[in-house]
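Fair warning: this is a prediction, and the values are worked out from it, not measured in the lab.
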Amino acid sequence: MSDIRVRFAPSPTGQIHIGNIRTALFNYLFAKKNNGTFILRIEDTDRERSTNEFEEVIHREMDWLGLEWDEGVKVGGDHGPYRQMERLDIYQEYVDELLDKDLAYYCYCTPEELDEMREEQRQQGQPPRYTGKCRCLGQDEKDKLEAEGRKPVVRFKVPKEEKELIVDDLIRGRVSFSSEVIDDFVIVKSDGIPTYNFAVVVDDYLMKISHVIRGEDHLSNTPKQQLLYEALGWESPRFAHLSMILGTDKSKLSKRSGEAYVYVSEYRKKGYLPEALINFLSLLGWSPEDEEEILNKEDIIKQFSIERVNKSAAVFDVEKLNWMNGMYIRAAELDQIVELAKPYILEAGYDLSDKSEEWIGLLVDTVRGSLDYLAEITDHLDIFFGELEYTDKEKVVEDFKQDKVDIVFETLKDNILALETLDPQEIKKMLKKTLKELPVGGRLFYHPTRFALTGKGSGPELYNVIALLGKEECANRLDKALSLR
């Protein structure tokens with residue numbers, strides 16, 4: 001292993017968002033490309049919303065996508081615990097250090113006092129910020145406030161002299177902030193739980209994180225974290241802030257942006273292949289040198305580099321994902337697709353109990369060319385189960401009444417019943433031979449036949465349809481078509 005150590009640190013407060021899993025993926029790719037370590041850490045300090053169930057969701061979706069972590073929750077490691085709520089004693093040690101060095105202080109201001117402070121600043125045309133009211137409280141004043149039952153927060157003392165804070169971002173380049181815009185921020189809440197900006201600094205340092213790769217919404221947190229690194233005498237990791245993922249309306253990807261699905265679980269449930277989703281997400285903000293689009297995970301790892309990650313926002317194009325997923329469905333081993341497709345077929349109420357595995361395999365293989373994702377398979381099965389219905393009966397009957405169509409149907413019925421095998425390739429030969437023997441062209445042969453056997457004007461190959469329907473059902477459907485002439 002190299003000294004490269006990266007982490008994915010989600011909060012277990014809900015379903016995992018596509019943007020979050022893209023962050024996990026880029027950390028994973030960076031670690032694998034550099035023979036580094038990929039760590040899964042759980043930031044569960046939001047006690048009201050964090051649950052074990054949502055942590056299991058994180059594990060499940062990462063397992064499904066094949067984003068195996070080398071260290072962290074469930075797998076262990078030398079730098080645990082890997083859940084923040086199990087690290088409270090560790091944080092307290094560094095809170096005490098900052099307090100002892102007079103780099104932090106207890107603040108007793110109530111929420112109402114803070115609101116009043118901000119409102120007064122707004123009325124004076126000033127940006128709302130903490131004034132430092134409790135920065136220099138004496139012990140007597142602290143004792144009095146605590147006697148009132150006030151539970152203090154701990155605030156970090158931002159240096160009073162203005163200072164330029166530089167973030168050398170691996171994606172965005174040099175980004176400058178002024179310490180003037182940062183007030184004395186809270187590092188420990190009144191319930192004793194550390195805030196994000198403090199806990200993440202302690203965790204990243206103690207876990208020896210070399211590179212922090214995260215969403216650009218965290219860029220504004222970085223100056224505060226750099227101040228904490230300096231105060232504690234620690235070297236900060238390198239930072240790389242990934243661009244936002246936008247919906248098709250160019251707003252931040254969310255339910256409100258008009259996208260149907262923004263959580264990983266929704267793609268899993270719809271029957272997207274994890275390989276396709278990994279491929280698609282890797283291209284949201286990164287591109288390989290040869291601009292190839294269909295890449296397996298090993299190829300992506302081999303070509304991945306932070307230098308080729310784009311700082312402009314990426315648009316989540318679900319049509320492109322559907323195209324890509326369809327390519328993966330068609331290229332996958334049939335047995336894999338059959339096993340993945342079966343639950344959708346059964347859930348839709350189609351009975352497979354009397355069907356052989358060979359028949360089910362042919363069924364899936366016949367329709368998978370039309371699928372963007374596996375849940376769509378149920379839209380293509382009605383012609384193989386139950387009574388045949390015509391999509392446009394008037395148009396169908398008009399086709400059936402054409403001259404010589406009766407000869408086509410009668411000859412075809414005889415030839416189907418005479419088949420020795422329902423092997424699709426043998427049926428294909430029979431269809432060609434029948435057409436050659438009849439006094440009709442290809443359109444008059446195939447178009448009415450398709451309507452007669454499937455009720456539709458287009459669909460899967462007829463030789464597969466005949467193989468799946470079987471001799472008797474094909475004969476019955478051709479008889480039904482003849483009766484409508």
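- Looking only at distances, a side-chain donor or acceptor of Tyr344 sits under 3.5 Å from a matching main-chain atom of Gly271.
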Arg150 vs Glu113, salt bridge (Lys or Arg N to Asp or Glu O under 4.0 Å): CA-CA, chis, key distance, verdict: CA-CA 12 Å; Arg150 297 197 186 198; Glu113 289 171 338; 3.0 Å; yes

Residues Glu119, Arg122; criterion salt bridge (Lys or Arg N to Asp or Glu O under 4.0 Å); working and verdict: CA-CA 5 Å; Glu119 183 56 35; Arg122 288 191 193 95; 3.5 Å; yes

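- Remark: Asp299 pairs with no residue by the salt bridge (Lys or Arg N to Asp or Glu O under 4.0 Å) rule, at least two apart or across chains.
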Residues Asp203, Tyr82; criterion side chain to side chain donor-acceptor pair (under 3.5 Å); working and verdict: CA-CA 9 Å; Asp203 290 344; Tyr82 294 94; over 6 Å; no

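- In this structure, Arg60 has no salt bridge (Lys or Arg N to Asp or Glu O under 4.0 Å) partners at least two apart in sequence or on a different chain.
- In this structure a side-chain-to-backbone donor-acceptor pair under 3.5 Å is missing from Ser243 to Lys311.
- Residues Phe280 and Leu284 are in side-chain contact: their nearest non-hydrogen atoms beyond the backbone lie under 4.5 Å apart.
- Between Ser282 and Leu25, the shortest heavy-atom distance links the atoms N-CD2, 3.6 Å.
- With contacts defined as side-chain heavy-atom distances shorter than 4.5 Å, the pair Phe26/Leu281 does not qualify.
- Side chain of His17 to backbone of Leu253: a donor-acceptor contact under 3.5 angstrom is found.
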Show the atom names and distances, to 0.1 Å, of all donor-acceptor pairs under 3.5 Å that link a side chain in residues 163-171 to residues at least two apart or in another chain.
unit_1: Lys163; atom_1: NZ; unit_2: Glu230; atom_2: OE1; d: 2.5
unit_1: Glu164; atom_1: OE2; unit_2: Ser176; atom_2: OG; d: 2.7
unit_1: Asp169; atom_1: OD1; unit_2: Ile171; atom_2: N; d: 2.8
unit_1: Asp169; atom_1: OD1; unit_2: Arg172; atom_2: N; d: 2.8
unit_1: Asp169; atom_1: OD1; unit_2: His241; atom_2: N; d: 3.4
unit_1: Asp169; atom_1: OD2; unit_2: His241; atom_2: N; d: 3.2
unit_1: Asp169; atom_1: OD2; unit_2: His241; atom_2: ND1; d: 2.6

Salt bridge (Lys or Arg N to Asp or Glu O under 4.0 Å) evaluation trace for Asp382 with Lys456: CA-CA 11 Å; Asp382 56 326; Lys456 305 175 189 294; 3.3 Å; yes

Full working for side chain to side chain contact (heavy atoms under 4.5 Å, CB included) between Asp96 and Gln92: CA-CA 6 Å; Asp96 291 342; Gln92 190 59 50; 2.8 Å; yes

Step-by-step side chain to side chain contact (heavy atoms under 4.5 Å, CB included) determination, Arg87 to Leu206: CA-CA 11 Å; Arg87 297 173 61 82; Leu206 295 181; 3.8 Å; yes

Residues Thr37, Glu71; criterion side chain to side chain donor-acceptor pair (under 3.5 Å); working and verdict: CA-CA 7 Å; Thr37 303; Glu71 182 179 320; 5.3 Å; no

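- Counting all heavy atoms, side chain and backbone alike, Ala341 lies closest to Val364 at CB-CG2, 4.3 Å.
- Every residue two or more places apart in sequence or in another chain that forms a salt bridge (Lys or Arg N to Asp or Glu O under 4.0 Å) with Lys101 is listed here: Glu97.
- Within the 4.5 Å cutoff, the side chain of Leu227 has heavy atoms near those of the Phe156 side chain.
- A donor-acceptor contact shorter than 3.5 Å is absent between the side chain of Gln121 and the backbone of Gln126.
- Side-chain atoms of Ser2 come within 3.5 Å of backbone N or O of Asn34 as a donor-acceptor pair.
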Criterion salt bridge (Lys or Arg N to Asp or Glu O under 4.0 Å) on Asp372 and Lys270, from CA distance to verdict: CA-CA 10 Å; Asp372 289 334; Lys270 281 287 182 182; over 6 Å; no

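- Judged as a salt bridge (Lys or Arg N to Asp or Glu O under 4.0 Å), and not counting sequence neighbours, the contacts of Arg83 are Glu55, Glu86.
- At a threshold of 4.5 Å between non-hydrogen side-chain atoms, the residues His218 and Tyr196 count as touching.
- Judged by distance alone, the side chain of Asp70 and the main-chain N or O of Phe38 form a donor-acceptor pair under 3.5 Å.
- For the pair Glu266 (side chain) and Val262 (backbone), a donor-acceptor distance under 3.5 Å is present.
- The CD atom of Glu116 sits 10.5 Å away from the SG atom of Cys109 when rounded to the nearest 0.5 Å.
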Stepwise side chain to side chain contact (heavy atoms under 4.5 Å, CB included) check, Phe198 with Tyr94: CA-CA 9 Å; Phe198 182 68; Tyr94 296 101; 3.9 Å; yes

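- Annotation: side chain of Trp69 is not in contact with side chain of Phe8 (no heavy-atom distance under 4.5 Å).
- Cation-pi check for Arg308 over Phe304 is not met; the charged atom does not lie both under 6.0 angstrom from the ring centroid and within 45 degrees of its normal.
- Note that CG of Asn279 is 5.5 Å distant from CD1 of Ile294, once rounded to the nearest 0.5 Å.
- Taking both residues in full, the closest heavy atoms of Arg7 and Val212 are given as NH2-CG1, 3.5 Å, listed atom of the first, atom of the second, then distance.
- Here Lys144 does not pair with Glu141 in a salt bridge; the nearest charged N to carboxylate O distance is not below 4.0 Å.
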From CA spacing to verdict: side chain to side chain contact (heavy atoms under 4.5 Å, CB included), Lys297, Tyr28: CA-CA 11 Å; Lys297 191 163 69 172; Tyr28 172 88; 3.4 Å; yes

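- Residues Leu321 and Tyr261 have side chains not in contact (no heavy-atom distance under 4.5 Å, counting atoms from C-beta outward).
- The residues Asp78 and Lys208 are annotated as not salt-bridged, no charged nitrogen and carboxylate oxygen being separated by less than 4.0 angstrom.
- Residues Pro237 and His211 come closest through the heavy atom pair CB-N, 4.2 Å.
- Residues passing the ring-ring contact (aromatic ring centres under 6.0 Å, His included) test with Trp323, sequence neighbours excluded: none.
- The closest side-chain donor-acceptor pair between Gln139 and Asp143 falls under 3.5 angstrom.
- Heavy-atom minimum distance, Met117 versus Arg129: SD-O, 4.1 Å.
- Between Trp234 and Tyr205, the two ring planes are parallel [angle under 30°; tilted spans 30° to 60°].
- Taking the side chain as every heavy atom from C-beta outward, Phe54 and Asp44 never approach each other to under 4.5 Å.
- The nearest pair of heavy atoms linking Tyr106 to Pro152 is CD2-CG, 3.8 Å.
- Considering only heavy atoms from C-beta on, Thr195 stays 4.5 Å or farther from Phe185 through its side chain.
- Under the 4.0 Å criterion applied to side-chain N and carboxylate O atoms, Lys32 and Glu298 are not assigned as salt-bridge partners.
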Evaluation steps, side chain to side chain donor-acceptor pair (under 3.5 Å), between Tyr105 and Asp184: CA-CA 9 Å; Tyr105 60 93; Asp184 291 353; 2.8 Å; yes

Audit row: Ser178, Glu162, side chain to side chain donor-acceptor pair (under 3.5 Å) steps and yes/no: CA-CA 7 Å; Ser178 171; Glu162 184 177 3; 2.9 Å; yes

